[in-house]
Amino acid sequence: MAQGGKGLKGKKITFNVAKNCIRITFDGKKRLDLSKMGITTFPKCILRLNDVDELDLSRNMIRKIPESISKFQNLRWLDLHSNYIDKLPESIGQMTTLLYLNISNNKLTTNGLPVELNQLKNIRTVNLGLNHLDSVPTTLGALKELHEVGLNDNLLKTIPASISKLPKLKKLNTKRNPFPETEQSTAFIDSIKRMENLYLVEAKDLCGPCLRKCQMARENLNKMKSMVLPGPRKAIFPTLVSPNSMAKDSKEDWRLRAPSW
C-alpha cells in the first residue's frame with residue numbers, strides 16, 4: 001500500500017475506460033480489472049457494469065467503499081487489497097454470491113468490519129491480513145463454507161475457538177501477531193501453525209480402514225504425550241572436574257617424562 005494518501009489527486013475513471021478494462025477469465029467469467037490505476041475514489045460509473053463476476057480494485061488509493069457496491073449481485077470475487085480502506089459497508093452482507101474476498105493491506109480495525117459479514121454464507125476465502133485488527137469478529141465463525149482465512153500481521157492477542165472449529169477450514173494464517181508469551185498461548189499458536197497445512201475431514205467421510213488408521217495414530221500420539229521422559233544420566237567419570245581433564249593431566253605428565261632430543 002502506498003504511503004500517505006491524503007491530498008492525492010487520483011485518476012478519473014470514465015464508463016468507457018472501465019468498460020475497456022473488462023477481461024474474460026479462463027473459465028469464461030467477466031472480470032473488471034481496475035487495479036494499479038491510481039484511483040482515490042470509488043468510481044460510481046462502474047455500477048453500470050454490475051453484471052461482472054469479478055471486480056479488482058486492488059493497489060489503488062481508495063479510502064471508502066460505498067453501500068452501493070451491493071449492486072454487484074453476481075460478484076463471486078472481490079479484491080480490494082492495498083488501499084486505504086478503514087471500514088466496509090454494511091451492504092456487503094447482501095453480496096451472497098461472493099466466494100473470495102481480499103481486504104488485506106488496508107487500514108481496517110475490528111470496528112470497521114460490519115456484523116453483516118455473517119451473511120456471506122457461500123464465501124470460501126477471506127483475507128484480512130496486514131490491517132489493524134485487535135480482535136477477530138465472531139461473525140467469521142458463522143461462515144461454515146470458509147476454507148482459508150488470513151489474519152496475519154494484525155494486532156491480535158487471541159483467536160476465537162469458533163474460527164479453528166470451522167468445519168471446512170484448510171488454512172489459517174495468523175503469523176506476526178502479538179500473541180502473549182504464555183504456555184497456554186504458545187500451545188494454541190502451535191496448533192494454529194499445524195493447522196496451516198492440515199486438511200480436516202469428518203469421521204463419517206472416511207472409509208472403515210482409514211478411520212481405524214487415524215484412530216490408531218491418535219492413540220499412539222496420546223501415548224507418546226503421556227510418557228515421562230527419563231532424567232539426565234549420571235556421569236560415567238564422576239571424578240572429572242572438566243571435560244578431558246584426566247587426558248590433559250596425563251598429557252602434561254607424559255611431556256615431563258619424555259626425553260628431550
Side-chain angles (χ1 to χ4, degrees), residues 1-25 29-120 122-134 137 139-140 149-155:
M1 182 172 65
Q3 299 297 317
K6 291 185 177 180
L8 294 177
K9 186 177 181 180
K11 181 177 179 179
K12 183 179 175 72
I13 301 297
T14 65
F15 175 76
N16 287 333
V17 168
K19 190 175 181 180
N20 289 331
C21 290
I22 293 179
R23 303 287 183 269
I24 303 300
T25 64
K29 304 297 183 181
K30 289 198 296 185
R31 175 186 294 178
L32 177 53
D33 187 353
L34 297 175
S35 62
K36 297 183 293 183
M37 296 190 70
I39 303 170
T40 57
T41 304
F42 184 90
K44 294 182 179 179
C45 65
I46 68 174
L47 297 174
R48 295 164 59 188
L49 300 170
N50 59 5
D51 61 334
V52 297
D53 304 288
E54 303 182 1
L55 176 58
D56 189 351
L57 288 167
S58 66
R59 291 170 284 186
N60 283 295
M61 296 173 282
I62 299 171
R63 308 181 72 86
K64 183 180 179 181
I65 301 299
E67 297 286 345
S68 56
I69 195 172
S70 61
K71 291 185 177 181
F72 288 93
Q73 284 296 302
N74 297 326
L75 214 60
R76 64 170 191 169
W77 192 90
L78 178 59
D79 195 344
L80 300 171
H81 86 265
S82 303
N83 280 284
Y84 298 108
I85 302 166
D86 59 6
K87 183 180 180 181
L88 288 179
E90 295 177 359
S91 63
I92 197 167
Q94 300 173 25
M95 304 172 71
T96 54
T97 56
L98 270 183
L99 301 178
Y100 173 94
L101 176 61
N102 187 354
I103 333 166
S104 65
N105 197 21
N106 275 282
K107 295 187 175 183
L108 284 171
T109 62
T110 303
N111 291 334
L113 297 176
V115 176
E116 286 76 11
L117 280 175
N118 65 5
Q119 298 173 21
L120 303 179
N122 295 307
I123 200 156
R124 306 289 196 274
T125 300
V126 173
N127 191 348
L128 296 167
L130 287 161
N131 277 291
H132 305 294
L133 305 180
D134 56 12
T139 52
L140 289 185
V149 178
L151 295 168
N152 56 288
D153 299 279
N154 275 288
L155 305 172

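Computed from a predicted model, the values in this text were never measured in an experiment.
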(request) Specify the closest pair of heavy atoms between P89 and P114, including all atoms of both residues, with the distance to one decimal. (result) O-CG, 3.6 Å
(message) Closer than 4.0 angstrom, basic N to acidic O: yes or no for K30 and E54?
(response) no
(request) Calculate, to the nearest 0.5 Å, the distance between atoms OG1 and NZ belonging to T41 and K64 respectively. (result) 10.5 Å
(message) Quick test of your reading of the model: are R31 and D56 salt-bridged, counting only N-O distances below 4.0 Å?
(response) no
(request) Looking only at non-hydrogen atoms, find the nearest pair between F72 and L47 and report the distance. (result) CE1-CD2, 3.7 Å
(message) Could you check whether any side-chain heavy atom of I103 comes within less than 4.5 Å of a side-chain heavy atom of L88, counting everything from C-beta outward?
(response) yes
(request) Grab the two heavy atoms, one from L133 and one from T110, that are nearest each other, plus how far apart they are. (result) CD2-N, 3.5 Å
(request) Show the numbers, then the answer: is there a side chain to side chain contact (heavy atoms under 4.5 Å, CB included) between N74 and N50? (result) CA-CA 8 Å; N74 297 326; N50 59 5; over 6 Å; no
(request) Determine whether the side chains of T139 and N118 contain a donor N or O and an acceptor N or O closer than 3.5 Å. (result) no
(request) Look only at the side chain of N154 and the backbone of N131, and say whether a donor-acceptor pair between them is shorter than 3.5 Å. (result) yes
(message) Can a side-chain donor-acceptor contact be found between N102 and S104 if the only test is distance below 3.5 angstrom?
(response) yes
(message) So L117 and I92, do their side chains get closer than 4.5 Å, heavy atoms only?
(response) yes
(message) Give me the atom names and distance for the closest heavy-atom approach of L75 to V52.
(response) CD1-O, 3.7 Å
(request) Measure the CG-CG distance between L34 and D79 for me, rounded to the nearest 0.5 Å. (result) 11.5 Å
(message) For S91, is there any backbone N or O sitting under 3.5 Å from a side-chain donor or acceptor partner on E67?
(response) yes
(message) Would you compute the distance between atom CG of N83 and atom CG of N105 and round it to the nearest 0.5 angstrom?
(response) 9.0 Å
(request) Enter the distance from S82:OG to N106:CG here, rounded to the nearest 0.5 Å. (result) 7.0 Å
(request) Would you mind reporting whether L49 and I22 have side-chain heavy atoms less than 4.5 Å apart? (result) yes
(message) Within this structure, what is the CZ-CD1 distance for the pair F42 and I13, rounded to the nearest 0.5 Å?
(response) 11.5 Å
(message) If only side-chain N and O atoms count, and only distance matters, is there a donor-acceptor pair under 3.5 Å linking N111 with T109?
(response) no
(request) Check whether NZ of the Lys or CZ of the Arg R124 lies under 6.0 Å from the centre of the six-membered ring of Y100 and within 45 degrees of that ring's axis. (result) no
(request) For the pair N20 (side chain) and V17 (backbone), establish whether a donor and an acceptor sit closer than 3.5 Å, ignoring hydrogens and angles. (result) no
(message) Please check this pair: side chain of T96 against backbone of G93, looking for a donor-acceptor N/O pair closer than 3.5 Å.
(response) no
(message) Measuring from atom CG of N60 to atom CE of M37, what distance do you get when rounded to the nearest 0.5 angstrom?
(response) 8.0 Å
